[in-house]
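The structure appears right after this line, and notes come after that.
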Amino acid sequence: MSMNVAYKGPGDCPVVIPVFPLPGALLLPRGQMPLNIFEPRYLAMVDDALRSDRVIGMIQPDAEAGEQPLAPRLYRVGCAGRITQFAETGDGRYLISLTGISRFRVEEEMSTTTAYRLCRVSFDPFAADFHARAGEEAVDRAGVLRALKDFVEANDLKVDWAGIEEAPNEALVNALCMMSPFGPREKQAMLEAPDLKTRAEVLIAVTEMELVRGSGSEPTLQ
């Protein structure tokens, strides 16, 4: 089942949303995130979302805030997505796809009787997220492609270079960030980057640092 996304600004989005804490999961505006849902509490979350506005907030647990296995502390910034594809499997799982709408800042976690967590959020700090391809002209596309080429060669990977060359800057940068194999802190830095240009710079810097670590050499000061 496919569905459309139609949010045009912060005022269109719900202010209380269910959140799905998932380490290393990065959703960005207009990005596509497939999810395999099998835990009962998150099956219930999807059921409830489908009955309302179909919005779920992806957010990372903050591992540095201390161990709280039942309700780990969350980073303050996540990204809301709308369920745009949904299918049930024969063994009780849901296969869904979220399309990123906008980042949000958590204002407070709500007391709730649901098994999943609810947060009151604000989209206002990220109003630019609702405008597709905003800031594309400022992206160092050559730098992004250079870092990607070096990473691909160092890890003996195969990529669809034709598709990459055709991708607009926003789609390119956000897709590479979402697919990147980096850790939660690096993913959060990409998420919280104030604009597309800065997100691309973070992606380049993290990729270069990973290449240095992988080579076993020490970085040099220029």
Side-chain angles (χ1 to χ4, degrees), residues 1-62 65 70-88 93-134 170-171 174 177-178 184 187-188 190-196 199:
M1 178 170 60
S2 295
M3 308 160 188
N4 293 324
V5 178
Y7 288 114
K8 297 180 180 178
D12 295 329
C13 289
V15 295
V16 176
I17 62 173
V19 294
F20 188 1
L22 193 60
L26 177 60
L27 179 65
L28 290 167
R30 287 163 291 284
Q32 301 286 325
M33 174 178 282
L35 291 169
N36 177 14
I37 308 295
F38 55 89
E39 285 190 53
R41 57 180 166 169
Y42 296 125
L43 292 170
M45 177 185 70
V46 171
D47 285 339
D48 290 346
L50 288 171
R51 282 193 287 264
S52 55
D53 44 42
R54 306 197 296 272
V55 172
I56 292 172
M58 297 303 300
I59 196 164
Q60 295 198 107
D62 185 356
L70 295 180
R73 289 233 181 126
L74 306 175
Y75 278 105
R76 304 303 295 173
V77 175
C79 185
R82 197 175 189 198
I83 300 172
T84 48
Q85 290 188 337
F86 169 83
E88 290 185 76
R93 292 176 293 120
Y94 291 164
L95 302 179
I96 70 172
S97 180
L98 293 182
T99 297
I101 301 168
S102 168
R103 292 170 293 170
F104 60 81
R105 184 172 298 280
V106 174
E107 300 292 334
E108 65 173 326
E109 184 162 354
M110 311 295 289
S111 297
T112 177
T113 58
T114 63
Y116 55 85
R117 300 166 74 173
L118 291 170
C119 289
R120 183 170 64 84
V121 303
S122 173
F123 294 94
D124 292 338
F126 307 105
D129 285 358
F130 292 90
H131 304 290
R133 304 181 66 170
E170 181 190 56
N174 286 354
C177 288
M178 288 176 60
K187 292 285 185 77
Q188 194 67 24
M190 295 174 193
L191 178 68
E192 296 189 20
D195 50 42
L196 192 65
R199 183 174 301 135

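When a residue number appears, it is its place in the shown sequence, counting from 1. Not measured: the values here are computed from a predicted model.
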Evaluate the criterion side chain to side chain contact (heavy atoms under 4.5 Å, CB included) for residue pair Y7 and V55; output intermediate values, then yes/no.
-> CA-CA 11 Å; Y7 288 114; V55 172; 3.5 Å; yes
With distance as the sole test, does R76 use its side chain to make a donor-acceptor pair with the main-chain N or O of R105 at under 3.5 Å?
-> no
Please examine the side chains of [Y] and [X], heavy atoms only from C-beta on, and report whether any two atoms are closer than 4.5 Å.
| X | Y | result |
| --- | --- | --- |
| R117 | L74 | yes |
| Y75 | L191 | no |
| Q32 | T84 | yes |
| F123 | D12 | no |
| L28 | C177 | yes |
| I101 | F130 | yes |
| F126 | V77 | yes |
| R199 | N174 | yes |

Mind listing the closest non-hydrogen atom pair of [X] and [Y] along with its distance?
| X | Y | answer |
| --- | --- | --- |
| A115 | R41 | CB-CB, 3.6 Å |
| F104 | V19 | CZ-CG1, 4.4 Å |
| N36 | R93 | OD1-NH1, 3.1 Å |
| G57 | I17 | CA-CD1, 3.8 Å |
| K187 | G24 | NZ-O, 2.9 Å |
| I59 | G78 | CG1-CA, 4.1 Å |

Can you tell me how far apart [atom1] ([X]) and [atom2] ([Y]) are? Round to the nearest 0.5 Å.
| X | Y | atom1 | atom2 | value |
| --- | --- | --- | --- | --- |
| E39 | M45 | CD | CE | 9.5 Å |
| R30 | S102 | CZ | OG | 8.5 Å |
| I96 | I37 | CD1 | CD1 | 4.5 Å |
| S97 | I83 | OG | CD1 | 10.0 Å |

Is the shortest side-chain N to carboxylate O distance from D129 to R103 below 4.0 Å?
-> yes
Ionic contact status for E108 with R120, cut-off 4.0 Å |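 Yes, R120 and E108 are salt-bridged.
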Starting from the C-alpha separation in whole Å, work towards a yes-or-no answer on side chain to side chain contact (heavy atoms under 4.5 Å, CB included) for Y116 and D48.
-> CA-CA 10 Å; Y116 55 85; D48 290 346; 2.6 Å; yes
